[in-house]
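Note sheet for the following structure.
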Amino acid sequence: MIILELSDKQKQIIEGIKTDVKRLTADDFSGHDYLHSERVMNTAIQLQQNEGGDLFLIIIAALLHDLDDKKLSPETYKEKQKARKILSAYDFVDDDIEAVIGIIDAVSYSGGKTPLTSEGKIVQDADRLDALGAIGIARCFAFGGSNSNPIYTVDDFNDRSENSNSSLMHFYNKLLRLASLMNTECGRSIALKRTLFIEHFLDELLSEIKCTDI
Ligand code: ADP
Ligand code: NI
């Protein structure tokens, strides 16, 4: 990992925040555990090497981005209390707290926002990339299972409904659209490769469950 640009103090803060995120997400089995945040952080670092932006703020926002997610923590989503509490505990100055909260606020797909800063664009792309490829497939079914949703339903084949709660339809309703929404060149090229992998997976899945078209 290329973190030569970071000071020792910043590296210590990152390690401390990793421990906090591990503790706070220990009960998550929906694909939003610590390792999701760590992958988003690593992908965001990779994107930052091409796109620029403040590396430290990108890393912190990537690690904290799902703590106050609307689906996972609706009661803290608006004010982002969990992220703010951690940032205050590490003595971030107000401007940096607001910068990190601004990045996190724009990340969510359901929020429908397009980030204005390069840091926001990078963290949003990194989060979306973790919903694609092999890991994205694993997370989609993990999310569905942990929310008691079916893998697929018979109705999915009759009516490609936006309202279906099956994991299969989540690919069509969201995941296959993500590549076209990427902010960065580098993110888009990884997204296209990972989307192709999902398309192969769906072809195989549909053929195994005896449906050639959906
Ligand atoms: P976002 O903020 O865009 O929702 P997250 O990082 O919180 O992104 O996680 C989205 C992850 O949750 C993706 O991997 C996605 O596949 C999964 N997910 C969200 N909703 C569903 C759903 N209804 N069915 C299956 N997976 C879902
Ligand atoms: Ni996420």
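Along the sequence shown, residues are numbered consecutively beginning with 1.
Within the 3.5 Å criterion, the main-chain N or O of Asn183 finds a donor-acceptor partner in the side chain of Asp125. Of the possible polar contacts, one joining the Glu119 side chain to the Asp54 backbone as a donor-acceptor pair under 3.5 Å is found. A donor-acceptor distance shorter than 3.5 angstrom exists from the side chain of Arg177 to the backbone of Asn173, with no hydrogens or angles considered.
Around NZ of Lys71, the count of heavy atoms belonging to other residues, nucleotides or ligands within 6.0 Å exceeds 12. Remark: Ile151 CD1 is loosely packed, at most 12 non-hydrogen atoms of other residues, nucleotides or ligands lying under 6.0 Å away.
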**Full working for side chain to side chain contact (heavy atoms under 4.5 Å, CB included) between Asp96 and Phe56** = CA-CA 10 Å; Asp96 285 347; Phe56 183 57; 5.8 Å; no
Pair Thr25, Asp33 - check side chain to side chain donor-acceptor pair (under 3.5 Å), show working. CA-CA 5 Å; Thr25 60; Asp33 54 1; over 6 Å; no
Where do Val21 and Glu38 land on the side chain to side chain contact (heavy atoms under 4.5 Å, CB included) test, with the steps shown first?
CA-CA 10 Å; Val21 175; Glu38 189 182 87; over 6 Å; no
Show the numbers, then the answer: is there a side chain to side chain contact (heavy atoms under 4.5 Å, CB included) between Asp20 and Leu63? CA-CA 10 Å; Asp20 297 334; Leu63 287 172; over 6 Å; no
Verify side chain to side chain contact (heavy atoms under 4.5 Å, CB included) between Ile122 and Thr184, making sure each step is shown before the conclusion. CA-CA 7 Å; Ile122 284 171; Thr184 66; 4.3 Å; yes
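With a 4.5 Å cut-off on side-chain heavy atoms, Arg128 and Leu132 do not count as touching. Residues Ile13 and Phe92 meet the side-chain proximity criterion, which asks for heavy atoms closer than 4.5 Å. At least one side-chain heavy atom of Arg139 sits under 4.5 Å from a side-chain heavy atom of Ile135. At least one side-chain heavy atom of Leu72 sits less than 4.5 Å from a side-chain heavy atom of Asp66. The shortest side-chain heavy-atom distance between Lys121 and Met182 does not fall under the 4.5 Å cut-off. The shortest distance between side-chain heavy atoms of Leu87 and Leu64 falls below 4.5 Å. At a threshold of 4.5 Å between non-hydrogen side-chain atoms, the residues Leu168 and Leu202 count as touching. Taking 4.5 Å as the limit, some side-chain heavy atom of Ile60 sits within range of a side-chain heavy atom of Ile17.
Between Glu98 and Arg84, at least one side-chain N (NZ, or NE/NH1/NH2) sits under 4.0 Å from a carboxylate O, which counts as a salt bridge.
For the side-chain hydrogen bond (donor to acceptor under 3.5 Å, both in side chains) test, residues two or more places apart in sequence or in another chain that qualify with Thr76 are Asp68, Ser73. Residues satisfying the ring-ring contact (aromatic ring centres under 6.0 Å, His included) criterion with His36, sequence neighbours excluded, are His32, His65.
Taking the six-membered ring where the residue is Trp, the centroids of Phe171 and Tyr152 are separated by 6.0 Å or more.
Using a 3.5 Å distance cut-off with no hydrogens or angles, the side chains of Asn149 and Ser167 do not pair a donor with an acceptor. A donor and an acceptor atom, one from each side chain of Asp156 and Thr153, are located under 3.5 Å apart.
Contact between Ala131 and Ile198 at its shortest, heavy atoms only, is O-CD1, 4.3 Å.
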